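The chains referred to below are lettered A, B, ... by the order of the sequence lines, with proteins before strands, and numbering in each begins at 1. Fair warning: this is a prediction, and the values are worked out from it, not measured in the lab.
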Number of protein chains: 2
Amino acid sequence: MAGPRTVDTPERVRDSARTRAEILDVATAEFAANGYDGSRVDEIAALTRTTKRMIYYHFGGKKQLYIAVLERAYARIRAAERQVELDDLDPVAAVRRIAEVTFDHHGAHPEFIRLVSIENIHHAEHVKELVEMVDLGGPIVALLEDILRRGRQEGLFRSDADAIDVHMMISAFCVFRVANRHTFGTIFGRDLVDPARTDHYRAMCGDMIVRYLAA
Amino acid sequence: MAGPRTVDTPERVRDSARTRAEILDVATAEFAANGYDGSRVDEIAALTRTTKRMIYYHFGGKKQLYIAVLERAYARIRAAERQVELDDLDPVAAVRRIAEVTFDHHGAHPEFIRLVSIENIHHAEHVKELVEMVDLGGPIVALLEDILRRGRQEGLFRSDADAIDVHMMISAFCVFRVANRHTFGTIFGRDLVDPARTDHYRAMCGDMIVRYLAA
DNA sequence: CTAGTTATACGAACTGGTACGTTAGTTAGC
DNA sequence: GCTAACTAACGTACCAGTTCGTATAACTAG
């Protein structure tokens, strides 16, 4: 944030990195709130301290801006996955830990979940461009494969479950709770993200995967 | 260019019910494919054998048409739920049966799942209008409550699980498999709706809920 | 150190096209 | 001959992307 060169002009300075970051912040909120087609480039520009021209100057267009937003959102969950510490946990505790990390991340980042939902409406066409640049799934799959291998060696886990399916079951629970909370809450009168119920659902998620995996 | 209606033209009769149904069919496909903002009233009209004015004549506007589409889609899953026969099944088999019915319905109606995702992007604002007219959640909850009560009486089920949470867990799995298949398939290289894997995932869904519920 | 030069960062106003909804009029059927 | 069902063509607002021009930082030669 501090001026890298001169100390004058506290604001209104030329700083492309800052401008880009501010556009990305606003665009993330807008795209998550309104979807791709529902978002307006003019509106995103109006919510920044710069103009629409800068969006085209720095990103090229609405679509590229959206891809940049997606890229940053996925980078953040990979960072969360990378920080999990579970070398000293037994396999059962380790899968529960992973489920809880996923649960907490999705609960804390509903805008990421919304972007993923939006992306699926668009048949993942933008994520398809992303995976050509970064490996989004590798880290979590490698982590789970290691735990499953240990668990099977110790005779704790069933042998017909693989890492991708385990991740799928955990994601299904954690994504649904956030992604579908509006229709679910409206139809069943239960707020899935009510803070008073968070511990209940975190435990439910852990129980689900641990019991499913049990030999 | 086109001659008057001197030629036969076997159909082309005035039939408001048929016109409404045709508009609804096309609109369902369009909204499910492109989302609400991504769908075009002109395009929907072009895909019917009538004109855009008829959409406004019969439904009032884009939003009301979308609500009518949602209403019909929800009516269909309630019909599927109503037809489940499980009076002669023990509680464990009965929950598995319900999970399978949900699994099969969602697998067979991806357009419904997409509409639900789209609706959540819009904070369920249209479903909120729907629930004032019809009770969408009652039937499945009543069904599950009955099974859970029997299961608890027989000492088969844990006592800290209620019908809404059980439905949530089943829905999470079945909805995720369809709703997120594009991003998941792109990132992890596994097609969740590959017919060759359908039996595997149906069994996985049943195992999940049965094991979670076990006392 | 400084005057001249260039690359980068920025903004106001505009344009071409698109999309929802309407106006005005037509036809079928009782 | 009255009305529900229907059609073509239009109007207005909006929106992605562009044009053209300006200001500032960074660099270079003298």
Side-chain angles (χ1 to χ4, degrees), chain A residues 1-27 30-31 33-69 118 122 125-126, chain B residues 1-27 30-31 33-69 118 122 125-126:
Chain A
M1 277 279 185
R5 341 172 204 290
T6 48
V7 274
D8 53 351
T9 56
E11 50 182 312
R12 206 63 290 177
V13 280
R14 297 189 158 215
D15 184 344
S16 68
R18 209 199 107 42
T19 302
R20 284 180 63 97
E22 185 176 347
I23 291 171
L24 275 178
D25 286 341
V26 172
E30 280 295 299
F31 283 128
N34 313 309
Y36 182 81
D37 294 298
S39 294
R40 306 285 161 240
V41 178
D42 283 293
E43 180 65 13
I44 293 170
L47 291 171
T48 66
R49 273 174 294 172
T50 182
T51 63
K52 182 164 63 154
R53 181 68 186 83
M54 284 302 98
I55 292 173
Y56 287 87
Y57 178 77
H58 285 292
F59 294 95
K62 185 181 183 179
K63 182 177 171 178
Q64 291 99 308
L65 173 61
Y66 178 69
I67 291 174
V69 163
I118 291 160
H122 293 271
E125 57 173 303
H126 310 98
Chain B
M1 33 175 85
R5 55 208 58 241
T6 50
V7 270
D8 31 37
T9 54
E11 305 210 20
R12 201 64 296 185
V13 280
R14 292 183 167 226
D15 184 344
S16 66
R18 205 195 117 29
T19 302
R20 284 179 62 96
E22 185 176 346
I23 291 171
L24 275 179
D25 286 341
V26 172
E30 281 293 299
F31 282 128
N34 312 309
Y36 181 80
D37 294 298
S39 293
R40 305 286 162 239
V41 177
D42 284 294
E43 179 65 13
I44 292 170
L47 291 171
T48 66
R49 274 173 295 171
T50 183
T51 62
K52 181 166 63 158
R53 185 67 185 83
M54 284 299 97
I55 292 173
Y56 287 87
Y57 179 74
H58 286 294
F59 294 94
K62 184 180 184 179
K63 181 176 172 178
Q64 291 99 309
L65 173 62
Y66 178 68
I67 291 175
V69 163
I118 291 160
H122 293 270
E125 56 173 302
H126 311 98

Side-chain touch Ile23(B)/Arg20(B), heavy atoms, less than 4.5 angstrom: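 They are not in side-chain contact.
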
Whole angstrom is fine here: how far is it from [atom1] in [X] over to [atom2] in [N]?
{"X": "Arg20(B)", "N": "dA4(D)", "atom1": "CZ", "atom2": "P", "result": "15 Å"}
{"X": "Arg53(B)", "N": "dT27(C)", "atom1": "CZ", "atom2": "P", "result": "17 Å"}
{"X": "Lys52(A)", "N": "dC14(D)", "atom1": "NZ", "atom2": "C1'", "result": "10 Å"}
{"X": "Ile23(B)", "N": "dC6(D)", "atom1": "CD1", "atom2": "C1'", "result": "11 Å"}
{"X": "Ile44(B)", "N": "dA19(C)", "atom1": "CD1", "atom2": "C1'", "result": "12 Å"}

The criterion is side chain to side chain contact (heavy atoms under 4.5 Å, CB included); which residues satisfy it with Glu22(A), sequence neighbours excluded?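 Partners of Glu22(A) by the side chain to side chain contact (heavy atoms under 4.5 Å, CB included) criterion, ordered by chain and then number, come out as Arg18(A), Thr48(A), Arg49(A).
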
For Glu125(A), which residues count as a side chain to side chain contact (heavy atoms under 4.5 Å, CB included) partner, sequence neighbours excluded?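 So Glu125(A) forms a side chain to side chain contact (heavy atoms under 4.5 Å, CB included) with Lys63(A), His122(A).
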
DNA chain D-proximal residues of residues 33-43 of chain A, any heavy atom under 4.0 Å: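 Residues of residues 33-43 of chain A that come under 4.0 Å of DNA chain D are, in numerical order, Ser39(A), Arg40(A), Val41(A), Asp42(A).
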
With the threshold set at under 4.0 Å for non-hydrogen atoms, list the residues of residues 54-63 of chain A touching DNA chain D in residue-number order.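 Only Tyr56(A), Lys62(A) qualify.
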
Just how far is it from atom [atom1] of [X] to atom [atom2] of [Y], taken to the nearest 0.5 Å?
{"X": "Leu24(A)", "Y": "Ile44(A)", "atom1": "CG", "atom2": "CD1", "answer": "10.0 Å"}
{"X": "Gln64(B)", "Y": "Ile67(B)", "atom1": "CD", "atom2": "CD1", "answer": "6.5 Å"}
{"X": "Ile118(B)", "Y": "Ser39(B)", "atom1": "CD1", "atom2": "OG", "answer": "7.0 Å"}

Look at Thr50(B) and dT7(D) and indicate whether a side-chain polar atom (N or O) is within less than 4.0 Å of OP1 or OP2.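 Indeed, a polar side-chain atom of Thr50(B) lies that close.
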
Quick one: is dC10(C) close enough that its OP1 or OP2 comes under 4.0 Å of any side-chain N or O from Thr19(A)?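 Thr19(A) to dC10(C) OP1/OP2: side-chain N or O found under 4.0 Å.
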
Lys52(A): which residues meet the side-chain hydrogen bond (donor to acceptor under 3.5 Å, both in side chains) condition with it, sequence neighbours left out?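 Applying side-chain hydrogen bond (donor to acceptor under 3.5 Å, both in side chains) to Lys52(A) gives Asp42(A).
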
Mind checking what makes side-chain hydrogen bond (donor to acceptor under 3.5 Å, both in side chains) contact with Asp25(A), not counting sequence neighbours?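 Partners of Asp25(A) by the side-chain hydrogen bond (donor to acceptor under 3.5 Å, both in side chains) criterion, ordered by chain and then number, come out as Arg72(A).
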
Per the end-axis method with five pairs at each terminus, what is the bend angle of the helix from dC1(C)-dG30(D) to dC30(C)-dG1(D), to 10°?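 Between the axes fitted at each end of the helix from dC1(C)-dG30(D) to dC30(C)-dG1(D) lies an angle of 10°.
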
Tell me which pairs pass ring-ring contact (aromatic ring centres under 6.0 Å, His included) where either residue lies in residues 48-67 of chain B, with sequence neighbours left out.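 Passing the test, one end in residues 48-67 of chain B: Phe31(B)-Tyr66(B), Tyr36(B)-Tyr66(B), Tyr66(B)-His126(B).
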
Smallest separation among heavy atoms of Ala27(B) and Val69(B), with atom names: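 Distance-wise, the nearest heavy atoms are CB-CG2, 3.7 Å.
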
